[in-house]
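Structure record follows, encoded as structure tokens.
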Amino acid sequence: MCFYDQNRMACGDYKWGHFRQHCSKEYRTGETCGMRLVMQTIEIGDKCRICQKIDTKKRSIRKEEEKIKRWNRESGRRASIEKAEEDIYRLQQEIYNLECERQSRQHQLW
Ligand SMILES: [Zn+2]
């Protein structure tokens, strides 16, 4: 077991930080073992990489939705609306995948 810092991100997710200390078992070999223990928890002001990506995609969805609303009041915009709806669908899939990735990461850590 070796000791690491743990970063607590603004979104509530955790991320491993710097390596701090070997455990007595691994001390002589100078290598780190697979088991990680928390030395200290550090609060980080940023969201984790995955949550940042999710936020960006959610913003893109909102933009597309606003465009659709505007286009609905105009004529001859059917094709543009369909294209935007496809984009929204794709973004939602990507968000779903990122949320799955985020969850499996949390399980790894604990
Ligand atoms: Zn996060």
Side-chain angles (χ1 to χ4, degrees):
M1 296 163 292
C2 293
F3 293 91
Y4 287 79
D5 285 346
Q6 187 190 48
N7 295 329
R8 198 179 121 86
M9 312 301 287
C11 51
D13 291 323
Y14 291 93
K15 207 175 88 179
W16 288 112
H18 293 292
F19 166 76
R20 288 297 171 196
Q21 200 178 298
H22 288 107
C23 52
S24 53
K25 198 177 89 172
E26 303 290 332
Y27 191 71
R28 269 155 295 170
T29 64
E31 283 172 26
T32 56
C33 57
M35 276 288 291
R36 291 178 177 204
L37 290 181
V38 178
M39 185 90 177
Q40 60 177 337
T41 300
I42 298 167
E43 302 282 339
I44 307 277
D46 292 329
K47 290 187 175 186
C48 73
R49 188 183 56 86
I50 293 177
C51 287
Q52 282 179 14
K53 276 193 196 170
I54 291 173
D55 281 355
T56 307
K57 287 180 195 299
K58 281 184 176 166
R59 269 199 300 275
S60 306
I61 288 179
R62 264 200 302 278
K63 264 186 229 155
E64 294 299 318
E65 282 171 347
E66 278 162 23
K67 277 196 257 172
I68 290 174
K69 257 188 240 163
R70 200 173 61 233
W71 288 337
N72 270 328
R73 291 193 295 266
E74 299 168 9
S75 58
R77 289 292 198 171
R78 198 61 244 161
S80 306
I81 290 170
E82 273 167 22
K83 164 83 171 50
E85 279 170 351
E86 275 169 32
D87 286 344
I88 288 172
Y89 180 74
R90 182 178 47 79
L91 287 161
Q92 280 168 343
Q93 293 290 310
E94 286 169 4
I95 289 172
Y96 176 77
N97 289 339
L98 286 166
E99 277 169 353
C100 290
E101 194 185 328
R102 185 182 170 221
Q103 274 196 332
S104 67
R105 257 164 206 255
Q106 280 169 348
H107 288 300
Q108 271 171 28
L109 187 59
W110 296 107

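Not measured: the values here are computed from a predicted model.
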* Between C2 and F19, what is the shortest heavy-atom contact and its length? -> CB-CE1, 3.8 Å
* Do I61 and I54 belong to the same hydrophobic cluster, where Ile, Leu, Val, Met, Phe, Trp and Tyr are linked whenever their side-chain heavy atoms lie under 4.5 Å apart, directly or via other members? -> yes
* Evaluate the salt bridge (Lys or Arg N to Asp or Glu O under 4.0 Å) criterion for residues E65 and K69: first the C-alpha distance (whole Å), next the side-chain angles of each, then the deciding distance (0.1 Å), finally the verdict. => CA-CA 6 Å; E65 282 171 347; K69 257 188 240 163; over 6 Å; no
* To do: Could you grab the distance from atom SG of C51 to atom CZ of R49, nearest 0.5 Å is fine?
  => 10.5 Å
* Spacing of CD belonging to Q6 relative to CE belonging to M39, to within rounding of 0.5 Å -> 13.5 Å
* Asked: What's the spacing between L37 CG and R20 CZ if we round to 0.5 Å?
  -> 15.0 Å
For residues 90-100, dump all side-chain donor-acceptor pairs below 3.5 Å to protein atoms at least two apart in sequence or in another chain.
| unit_1 | atom_1 | unit_2 | atom_2 | d |
| --- | --- | --- | --- | --- |
| R90 | NH1 | E94 | OE2 | 3.3 |
| E94 | OE1 | K57 | NZ | 2.8 |

* Would you indicate whether the side-chain heavy atoms of Y14 and R8 approach each other to under 4.5 Å? => yes
* **Sole residue of D13, I42, D46 in side-chain contact (heavy atoms from CB on, under 4.5 Å) with N7** => I42
* Results of side-chain hydrogen bond (donor to acceptor under 3.5 Å, both in side chains) for K47 - residues two or more places apart only -> D55
* For Y89, does the OH atom have more than 12 heavy-atom neighbours from other residues, nucleotides or ligands under 6.0 Å away? -> no
* Any side-chain heavy-atom pair of K53 and R102 under 4.5 Å -> no
* Picking from Q40, K15, H18, what satisfies side chain to side chain donor-acceptor pair (under 3.5 Å) with D5? -> Q40
* Are any of the side-chain nitrogens in K83 or E86 under 4.0 Å away from the carboxylate oxygens of its partner? -> no
* Go through the steps to decide whether E64 and K67 satisfy the test salt bridge (Lys or Arg N to Asp or Glu O under 4.0 Å), and finish with yes or no. => CA-CA 5 Å; E64 294 299 318; K67 277 196 257 172; 3.2 Å; yes
* Is there a path of hydrophobic side-chain contacts, each under 4.5 Å between heavy atoms of I, L, V, M, F, W or Y residues, that connects I88 with W71? -> yes
